[in-house]
Number of protein chains: 2
Amino acid sequence: MNKTLKEMDVLRQHLEKHQLKLTRQRELILTAFLRQEHITAEAMYHQLAKKDPHLGLATIYRTLNLFCEAGIAQARHFGTQTQYDNISHKGHHDHLICTGCGTIVEFENCEIERLQEEVATKNGFVIQTHRLELYGLCSRCRH
Amino acid sequence: MNKTLKEMDVLRQHLEKHQLKLTRQRELILTAFLRQEHITAEAMYHQLAKKDPHLGLATIYRTLNLFCEAGIAQARHFGTQTQYDNISHKGHHDHLICTGCGTIVEFENCEIERLQEEVATKNGFVIQTHRLELYGLCSRCRH
DNA sequence: TTTGAAATTGATAAACCGTCTCAAGAGGAT
DNA sequence: ATCCTCTTGAGACGGTTTATCAATTTCAAA
């Protein structure tokens with residue numbers, strides 16, 4: 001039985017459209033990628049080293065960038081590295097970060113998300129992903 | 001007459017608290033930084049080369065990172081470089097970023113800010129600053 | 001004002017991340 | 001099965017940021 005994953009079809013379509021080829025590596029990386037919410041190329045390299053020790057880091061980068069072009073992934077520069085976000089994954093968390101002790105509280109707020117959509121639409125954008133970080137002091141650090 | 005800039009006081013306070021010293025270079029870089037809305041270390045290096053040809057690039061990086069720790073600046077990684085945003089000088093600009101062409105649209109939304117405060121309060125936080133970035137495709141990049 | 005411990009600087013080396021190169025290998029239309 | 005093209009792996013490479021370290025500067029205390 002063949003895979004019937006939506007993303008695999010998206011990839012196949014993209015490859016065909018651009019005269020690219022479906023390789024063992026691309027299938028392998030896609031399968032692994034879809035299990036993540038977001039991952040770096042380096043992390044995926046180590047993760048896949050077990051399954052295929054000869055899979056090159058350059059191939060991971062090339063393939064994750066390919067996924068971005070195909071609309072399956074989304075690159076996001078975070079800290080010093082690039083995070084590749086799995087777009088199909090919906091459970092997104094925003095962060096409240098204490099500048100005193102570094103505590104991170106995750107939250108979700110539908111109303112904020114709705115307003116974000118509104119702003120985007122007003123500017124002709126279609127949102128793929130977002131990042132919201134609130135920095136401040138938690139109650140303990142305020143004494 | 002001494003400078004009475006709010007940011008200079010913030011810096012002085014941070015330095016004192018961490019047993020750091022106020023140097024000619026730190027004053028120079030702060031003054032230049034406050035004139036910008038956001039800038040890269042490299043750009044600041046070239047800009048300040050006229051005033052002080054011996055100012056090192058490493059010092060710029062160190063100092064801008066110091067400003068981040070002091071809460072005067074905020075680092076934002078975009079593409080291959082790091083942008084240092086001037087937090088104080090800027091109102092509250094959030095960013096809409098096109099993942100296709102890199103265009104950045106700034107926006108403000110009071111309602112979102114209000115909801116952010118609400119979330120923070122609910123979690124016992126007092127917000128100092130925040131970062132909101134919406135990633136997506138602009139109308140041109142969607143064809 | 002002089003002194004001295006500790007922090008800072010400038011110059012450059014090194015680390016780091018991501019891309020490029022290219023010969024060898026794999027995909028797939030015919 | 002063939003052949004043309006795309007892809008891969010390994011390492012070189014380039015640009016950005018950080019680490020190193022001797023010389024210099026700051027600043028608190030004498």
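Naming convention: chains lettered A, B, ... in sequence-line order (proteins, then strands); numbering from 1 in each chain. What you are looking at is a predicted structure, and each value in this text was computed from that prediction instead of being measured.
Rounded to whole angstrom, the span from the CD1 atom of A:Ile60 across to the P atom of D:dA10 amounts to 12 Å. In this structure, CD of A:Gln81 is placed 14 Å from P of D:dT17, rounded to the nearest angstrom. Atom CZ in B:Arg76 sits roughly 16 Å away from atom P in D:dT16 (whole-Å rounding). Nucleotide D:dT7 holds its P atom 14 Å from the CD atom of A:Glu27, rounded to whole Å. Regarding B:Arg62, its CZ atom lies at a distance of 14 Å from the P atom of D:dC21, rounded to whole Å.
Within the structure, a side-chain polar atom (N or O) of A:His54 is placed less than 4.0 Å from OP1 or OP2 of D:dA10. Here B:Thr80 does not reach the OP1 or OP2 of D:dG15: none of its side-chain N or O atoms lies under 4.0 Å away. For D:dT18, the OP1/OP2 oxygens have no side-chain nitrogen or oxygen of B:Tyr61 closer than 4.0 Å.
For the atom pair CD1 (A:Ile97) and CD (A:Glu106), the distance works out to 10.0 Å, reported to the nearest 0.5 Å. The distance from atom CD1 of B:Ile104 to atom CD of B:Gln83, rounded to the nearest 0.5 Å, is 7.0 Å. If you take CZ on A:Arg131 and CZ on A:Arg76, they are separated by 6.0 Å, rounding to the nearest 0.5 Å. The CD atom of B:Glu7 lies 10.0 Å from the CZ atom of B:Phe67; values are rounded to the nearest 0.5 Å.
Between the side chains of B:Arg62 and B:Thr59, at least one donor-acceptor pair of N or O atoms lies under 3.5 Å.
More than 12 heavy atoms of other shown residues, nucleotides or ligands fall within 6.0 angstrom of atom CD in B:Glu111. By the neighbour-count criterion of 12 heavy atoms within 6.0 Å, atom CD of A:Gln13 is sparsely surrounded, having that number or fewer from other residues, nucleotides or ligands. Other residues, nucleotides and ligands contribute only 12 or fewer heavy atoms inside 6.0 Å of the CD atom of B:Glu16.
Summarising the geometry of B:Asp85 relative to B:His95, their closest heavy-atom pair is OD2-NE2, 4.4 Å, with the distance given to 0.1 Å. Nearest heavy atom pair, residue A:Leu132 against residue A:Leu134, reads CD1-CD2, 3.8 Å.
Nucleic acid contact for B:Leu55: sugar-phosphate only, since backbone atoms but no base atoms lie under 4.0 Å from a heavy atom of the residue.
Within residues 65-75 of chain A, the residues approaching DNA chain C are A:Asn65, by heavy-atom distance under 4.0 Å. Residues from residues 38-47 of chain A lying near DNA chain D, meaning a heavy-atom separation below 4.0 Å, are absent.
Remark: the backbone N or O of B:Gly124 is paired with a side-chain donor or acceptor of A:Arg142 at under 3.5 angstrom.
Residues meeting the ring-ring contact (aromatic ring centres under 6.0 Å, His included) test with B:Tyr61, sequence neighbours left out: none.
Side-chain contact between A:Thr129 and A:Ile87: absent, with no pair of heavy atoms (C-beta onward) separated by less than 4.5 Å. Two residues are said to be in side-chain contact when any heavy atoms from C-beta on lie closer than 4.5 Å; A:His14 and A:Ile72 fail this criterion. Taking 4.5 Å as the limit, some side-chain heavy atom of A:Leu11 sits within range of a side-chain heavy atom of A:Leu15.
Rounded to 10 degrees, the angle between the two end axes of the helix from C:dT1-D:dA30 to C:dT30-D:dA1 is 30°, with five pairs used at each end.
You can see that DNA chain C meets the heavy atoms of chain B within a 4.0 Å-exclusive cut from C:dA6 to C:dT12, reading 5' to 3'.
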What protein N or O atoms touch nucleotides 24-30 of chain D N or O atoms at under 3.5 angstrom, if any, and at what distances?
| residue | atom | partner | partner atom | Å |
| --- | --- | --- | --- | --- |
| D:dT26 | O2 | B:Lys21 | NZ | 2.7 |
| D:dC27 | OP1 | B:Leu22 | N | 3.0 |
| D:dC27 | OP1 | B:Leu22 | O | 3.4 |

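Cluster membership check: A:Tyr135 does not share its hydrophobic cluster with A:Phe107, using side-chain heavy-atom separations under 4.5 Å among Ile, Leu, Val, Met, Phe, Trp and Tyr.
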